[in-house]
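Everything below concerns the one structure shown next.
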Amino acid sequence: MREFQVPIRPAVRNLPRYRPGKAAPGAMKLSSNEMATPPSAPILEAMRKALENVNRYPDLMATPVREAIAKRFKVFPEQVCVGTGSSALLLAALSAVCSPGAKVVYPWRSFESYPIAIPASHAEGVPVPLDEDGGHDVEGLVCAAQDATALILCSPNNPTGPVLTFDTIRDIVERVPASVLVLVDEAYIDFASDPRVSSAIPLIEEHPNVLVLRTFSKVHALAGVRVGYAIGNTELIGAIQAVSVPFGVSSVAQAAALASLEDEAGVRASAQAVIAERERMIAALREAGLSVPDSQANFFFLRGLGADFVEACVDAGLIVRPFPEGVRVTLADPLTNDRFLEVARRFAR
Ligand SMILES: *Cc1c(COP(=O)(O)O)cnc(C)c1O
């Protein structure tokens, strides 16, 4: 056999590999920020119905989904791009604007896809460390973004949980050059209950350099079907569409997304249940003496806990997600959360 001699780009060879949350047979997976239960019956039914036409290609532009999203957020359909998860849209958006060596500023610790998508799109990442509360260092980000091509914001921030308020996002957008693409990752925004938090979508009209990324993977409970969307300036959306894989979003995924958009009340109820559990859990963990940053997402972060805690969780049938700075835990049903609380209390000082 000949030796493999195809030159892989050095930036690709050195990419950090995405590590999905661990799974173990019989254990509860609290490691990937998924919803604990599948979507409702009408959504599953819409997907089954879509199966009957899978011999045909899907709608290229996911037009019905695009139109439903446009109507929901009061934008034009041409301002919406539907993709195979918001991770794919992030990569497409960066690919559309980054020339080799372009600077992309992002908060860190944050979503693991960022340091992968940035070099993959030939750009150079500039991580800005979080503040001591686990939130974005606004001054640091604004300063680093002055000569950047793009700036990523993640609110609520994965894995720590804190948010940027609408006013803070507007302030950031006003303080960076209009040429900087500001990507606002709103994967968890439906779980935010702080009234000062709202989507950055209304900023787009005045600031066409703002792109909002959203997903059906979290509150819509559709992580397995791979569908997300971006909302932004028409020209930018056209460029993202141009670099995206054609027919990427399957007909089954489009049917699921459309049905889920129609079930606004159901989605809101799922979010409310998560919010109630989040408030209960964070209060109980803090009362036990554990250090938990504020979270507006469907997970919380336990600072300073490590491998021994993760092992204790496994022994209790719970899979959690370790990071160098602590452990991220996805909220589940009340009984599972109680089981987790018992383990966590043993680690409180
Ligand atoms: C889960 C998550 C997403 C969603 O990714 P998909 O590709 O849509 O599944 C996006 N951003 C953040 C910060 C996330 O945690």
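Order of appearance sets the numbers: ligands from 1, and atoms from 1 within every ligand.
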Is it true that Arg196 and Thr165 share a donor-acceptor pair across their side chains at a distance under 3.5 Å?
no

Is it the case that Gln296 and Asp194 place a side-chain donor and acceptor less than 3.5 Å from each other?
no

Using 30° and 60° as the class boundaries, would you call the ring planes of Phe323 and Phe301 parallel, tilted or perpendicular?
tilted

Which protein residues come within less than 4.0 angstrom of ligand 1, counting heavy atoms only?
Gly85, Ser86, Ser87, Phe111, Tyr114, Cys154, Asn158, Asp185, Ala187, Tyr188, Thr215, Ser217, Lys218, Arg226

Verify same cluster id: Val176, Ile204 (apolar side-chain graph, 4.5 Å):
yes

Roughly how far, to the nearest 0.5 Å, is CG of Asn337 from CG of Leu30?
7.5 Å

Scanning both residues in full, the closest heavy-atom pair of Gln254 with Val249 reads NE2-O, 3.1 Å

